[in-house]
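Note on naming: letters A, B, ... go to the chains in the order of the sequence lines (proteins, then strands), and numbering restarts at 1 for each one.
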Amino acid sequence: MERYNAREAEPKWQAAWDAAGLFVARRDPDRPKYYVLEMFPYPSGRIHMGHVRNYTMGDLVARYKRARGFSVLHPMGWDAFGLPAENAAIERGVNPADWTYANIAEMRAQMKPLGFSLDWAREFATCDPEYYGQQQALFLDFLEAGFVYRKASVVNWDPVDMTVLANEQVIDGKGWRSGAEVERRELTQWFFRISDMAEELLGALDGLEAWPEKVRLMQANWIGKSRGLEFSFPTQGAPEGHATLQMYTTRPDTFLGATFAAISADHPLAKALAAERPDVAAFCEECRRGATNEEALEKAEKIGLDTGITVTNPFAPETPLPVFVANFVLMEYGTGAIYGCPAHDQRDLDFARKYGLAVRRVFVPADAPVDAADEYLGQEEEAFVPPKTEPVRYVRPLAGGARMTGQEAIDAAIAKAEGEGVGQGATQFRLRDWGAGRQRFWGAPIPVVHCPECGIVPEKRENLPIKLPDDPSFDRPGNALDWHPTWRHVACPRCGADALRETDTMDTFVDSSWYFARFTSPRAETPTIAEDAGYWMNVDQYIGGIEHAILHLLYSRFFARAMIATGHLPETAAEPFDALFTQGMVTHETYSTRDARGRDVWHSPDEVRRSDGGAALADGTPVAIGPSIKMSKSKKNVVDPADIVDQFGADTARWFVMSDSPPERDVEWTAAGAEAAWKHLQRVWRLGQEALAAGEGVAEETDALRRATHRAIADVTEAIEGFAFNKAVAALYSFANAATKSRAPRAERLAAMKVMAQLMQPMTPHLAEELWSALGGAGFVTDAPWPELDETLLVADTVTLPIQINGKRRADISVPVDADRAAVEAAVLTDATVQKWLDGAAPRKLIVVPGRIVNVVL
RNA sequence: GCGGGCGUGAUGGAACUGGUAGACAUACCGGACUUAAAAUCCGGAGGCUUAACCGCCGUGCGGGUUCGAGUCCCGCCGCCCGCACCA
């Protein structure tokens, strides 16, 4: 019997599908449409197993939906702008465009042999001028509609390389290339007004029922709506223009526990003080050292400088509060000024103890002894942060009674502050505006011109795309667009005077915030075409990594709304992704040895021979086996999909990444697992051959094989619909086991194997096609409708009920499926094991859950 | 630090809405076939105890709710992801 030869079959079927145009997406008014999209890749140069897993899932869905009669759009493109290309340019002197397009060609060549049912005619890269030119048009529309503006904001600045650093490029507060201490520096930048949409973006999350709950929760927390009090306290000793200090708090019920105030180093008052006082200036400088990311700020030691200024709390005027400049207050949130309530906030408590400030209690736990209500907290005690929903005992309420929930106390405090004209209830969002510009070469140029006469002038539409120059030079630090001899020098589009082009390029998140819309009409002369966007949008199923749960998805939701407002998308596309699935990573064991200095040296899986108890290099050196973690170059625990395709074929890789682990969880790649997948595919092929060679067979086995077939149809269908591809694989294993045992007549076995080909088609399309054709199936199995389920073949006559005695399973009985409660009870009571346990007594209770379980309580 | 998630045999995992824990697979053990090996086919198996049945224990740890908890509640522990200029 001939083996299944993937190396021959796979390219053959790929060519045949291509020639038949099976995957070309067409608007078809007679069929429901289905748009399945996987997050498009960054063209790093090689595809990895994570890509294979992601695109196999999408392909499985696309193929299944086609079989179900949908007109399917399943496109692919490249998220092609970004830092790595620029780094390659700096390190190796290559042109970012050449580097990127070479990578794309390489990755496309690795992707095609996997047999994904993609409409390659729609392919584009975000660095194609045809794409980013349309993005520039969108930018101009957004500018006109007021979605874009400029303001000053803080960046990580490398003083040696004279460049802005990404957070990723800041290692322990130092620039990754220069090693210089990073500064925070203020630049005027482009922003998208996403915070204006905070309420809408938050509220609409409720409608996203086919999104993972955790993603919705993460987005909601990111948007961070809070209700609080905005108020101002009069100051003493502050410079002119700062007679009051504006503050915001989410816990106004702790007003009377305030013992200090703190402002950000970027606060106008801090800046005014710094101008006069060297100590304040020096301290503000110190606060600006280190990275800008929230994690570093939160983890950094809390430091402050007493300015000598005080503010008066109108509800406790007898003790003015000292005002500190502090490194943990963010200018971006609230008003950049807070008051500290050390008794009820651990961070404030640490700060108060460090600087010898009073710690005044406002409330105690509801069940605390009365003497715990001392005014001051003991040195050993931790801050008491109560839940908002449970009542606590207020020993120093601003308003309201002694026993309130936090929320009641907050509401009472806001009412009182408003009544006395001290402050105003206010809603705040944590969400900040989206910094849209980057001081980098390899991105879409922002299409505006700075004119000395007219100021900021949008480019003329007919000049789009504003292309990047193809001769950049990276021999000096900073943005290559700034140093280009001619590129930025243009005439003002409005007055014609000598003017300068904007050299900031767009954040790469902009590129990925609308590519899904562009796929509906990728060659159009406008960003979208109403007919196409109207037909294909929304994305019915979006699949990608959890790491994009917040930013990419939130920005895309914003963009969709802005595109509706500027006429580029239909009203119905405000939420562009109907369903979202976040898949887990592909992991692998790590292998390491130690060098002479005791440092780890990592080894790739193909350098290592794995045996029962351990692993060793080819020369016999033993290798330490580390935990299975995400495949990464630095740990060398990478398996190249191309090698797997060479060795076993695409179907083996596809089958393996769909098996075992649930799609949302990590899957561990193992050589043994890959081999097992390959063996199973061979077995399925063999089953087909055996069915073809089968003789008359045993007629009595017909029913059992039919039942197994329809059980498989039911289970695989349900598993695919529920995104439980590992269970679909398990159901197909079971079906193969049943088919192996079956001695049914030839015609029955052939029919069963045809269903096998249909059910396997979404996962292993090449094998399925080869099998289908060998069995004499008509046309392509890829083009065949999904098998029909006969539900009558799923029902059994009898059911086995487990019997528990006091909640522990002791026996089981077999009863007819339609047995009523009395019949079940009678059967239970006559069961030998039950009688043994009852020992002549009657049960205290008999719980019968029809069709599921019986519990006898003694 | 803040936000989110996960934890089940040797291993990946299954278990519908609180109802037989361990489906399916890997690795392992035994058998058939073979001069032999590979491949293939058949069978076994959570742990302890036992000749076998029986029994006891068992879903990260400690409590709780329930006739019944992997699943629900409270408190811990460990690991992973995100934190706004990586994509």
Side-chain angles (χ1 to χ4, degrees), chain A residues 3 39-42 44 79 81-84 155-156 164-170 189 212-215 217-218 220-222 224 292-300 302 328 332 346-347 430-435 437-440 507-509 511-512 545-552 554-555 582 584-585 612 627-630 659-662 664-668 670 672-673 675-677 679-680 682-683 686 718 722 724 726-727 729-734 737 740-741 800-812 836 843-847 849 851-858:
Chain A
R3 274 187 169 182
M39 291 179 186
F40 64 165
Y42 177 79
S44 58
D79 189 12
F81 278 131
L83 271 179
V155 296
N156 298 312
V164 177
L165 296 178
N167 284 330
E168 194 187 55
Q169 299 172 316
V170 179
Q189 304 235 65
E213 184 59 37
K214 62 177 172 183
V215 174
L217 198 59
M218 284 161 86
N221 288 335
W222 186 262
T292 57
N293 60 318
E294 201 169 306
E295 183 192 3
L297 291 173
E298 291 288 332
K299 276 190 182 163
K302 312 298 178 255
F328 58 87
E332 286 81 13
Q346 190 59 42
R347 189 172 58 178
R430 205 183 77 96
L431 181 66
R432 309 200 294 258
D433 276 337
W434 168 16
R438 296 289 181 269
Q439 294 69 46
R440 306 188 192 290
D507 176 15
T508 54
F509 273 120
D511 312 333
S512 56
I546 185 71
E547 67 274 18
H548 295 291
I550 298 174
L551 291 180
H552 162 59
L554 191 62
Y555 292 158
T582 56
M585 297 177 302
D612 272 7
S628 192
I629 54 175
K630 181 178 182 173
S659 51
D660 290 345
S661 286
E664 67 275 16
R665 263 200 254 174
D666 292 353
V667 63
E668 183 182 8
T670 60
E675 189 138 340
K679 281 183 189 173
H680 180 71
Q682 290 294 342
R683 180 184 177 210
R686 220 166 31 240
E718 190 189 329
N726 56 322
K727 289 199 256 173
V729 168
L732 286 164
Y733 272 119
S734 295
N737 289 342
T740 303
K741 289 191 175 75
T800 301
L801 285 187
I803 302 173
Q804 294 182 333
I805 313 274
N806 284 344
K808 273 188 189 297
R809 181 174 172 272
R810 300 288 181 187
D812 46 44
K836 193 190 89 186
R844 279 206 296 155
K845 215 173 182 182
L846 194 57
I847 293 159
V849 184
R852 296 223 68 103
I853 202 164
V854 178
N855 195 4
V856 181
V857 185
L858 298 181

Separation of atom CZ in R438(A) from atom C1' in C86(B), rounded to whole Å: 11 Å
Nearest-nucleotide comparison on RNA chain B, the residue closer to the 5′ end among E668(A) and S734(A): E668(A)
Can you check nucleotides 56-59 of chain B for protein contacts, nitrogen or oxygen pairs under 3.5 Å, and list what you find?
{"unit_1": "C56(B)", "atom_1": "OP2", "unit_2": "R810(A)", "atom_2": "NH1", "d": "3.0"}

Where RNA chain B forms stems, i.e. three or more consecutive Watson-Crick or G-U pairs with both distances under 3.5 Å: B:1-7 with B:77-83, B:10-12 with B:24-26, B:28-32 with B:40-44, B:46-48 with B:55-57, B:60-64 with B:72-76
Same-atom distance (P) from G47(B) to G64(B), integer angstrom: 30 Å
Separation of the P atoms in G55(B) and G60(B), to the nearest angstrom: 26 Å
Base of C86(B) paired with side chain of Q169(A) (donor-acceptor, under 3.5 Å): no
A15(B) versus C74(B) - spacing of their C1' atoms, nearest Å: 25 Å
Partners meeting side chain to side chain contact (heavy atoms under 4.5 Å, CB included) with I550(A) (sequence neighbours left out): M218(A), W222(A)
S661(A) vs G13(B): side-chain N/O to OP1/OP2 distance below 4.0 Å: yes
Syn/anti state for G9(B) [syn: chi within 90° of 0]: syn
Any residue meeting side chain to side chain contact (heavy atoms under 4.5 Å, CB included) with T740(A), in chain and number order, not counting sequence neighbours: R683(A), L687(A)
Name the pairs: protein N/O against N/O of nucleotides 2-8 of chain B, kept only if under 3.5 Å.
{"unit_1": "G3(B)", "atom_1": "O3'", "unit_2": "N221(A)", "atom_2": "ND2", "d": "2.8"}
{"unit_1": "G3(B)", "atom_1": "O2'", "unit_2": "N221(A)", "atom_2": "ND2", "d": "3.0"}

Proximal nucleotide (of A87(B), C85(B), G13(B)) relative to the Q189(A) side chain: C85(B)
Distance in angstrom units between F509(A) CZ and A87(B) C1', rounded: 7 Å
Nearest-angstrom distance, P atom, G82(B) to C28(B): 36 Å
Partner set under side chain to side chain donor-acceptor pair (under 3.5 Å) for R432(A), not counting sequence neighbours: none
Listed partners of N806(A) passing side chain to side chain contact (heavy atoms under 4.5 Å, CB included), at least two apart: V857(A), L858(A)
Just the table, please: protein N/O against nucleotides 42-44 of chain B N/O, every pair under 3.5 Å.
none

Listed nucleotide nearest any side-chain atom of N156(A), set A87(B), C85(B), A14(B): C85(B)
Nearest-angstrom distance from the residue atom NZ of K727(A) to C1' of G12(B): 15 Å
Nearest-nucleotide pick for N855(A), side chain only, options being C85(B), G68(B), A87(B): G68(B)
Nearest-nucleotide pick for R686(A), side chain only, options being G19(B), U40(B), C85(B): U40(B)
Set of side chain to side chain contact (heavy atoms under 4.5 Å, CB included) partners for H552(A), sequence neighbours left out: M39(A), F509(A), S512(A), Y515(A), Y542(A), H548(A), S556(A)
Whole-Å P distance, C6(B) and A23(B): 23 Å
Any residue meeting side chain to side chain donor-acceptor pair (under 3.5 Å) with R430(A), in chain and number order, not counting sequence neighbours: E294(A)
Touch class at under 4.0 angstrom, heavy-atom based, for G673(A) against every strand present: nothing
Which residues share a side chain to side chain donor-acceptor pair (under 3.5 Å) with D433(A), sequence neighbours left out: Y149(A), S195(A)
D507(A): side chain to side chain donor-acceptor pair (under 3.5 Å) partners, not counting sequence neighbours: W434(A), R438(A)
Euclidean distance, atom CZ of residue F40(A) to atom C1' of A87(B) [Å, nearest integer]: 10 Å
Length of the OH-P vector between Y555(A) and A84(B), whole Å: 9 Å
Phosphate OP1/OP2 of A14(B): any N726(A) side-chain N/O under 4.0 Å: yes
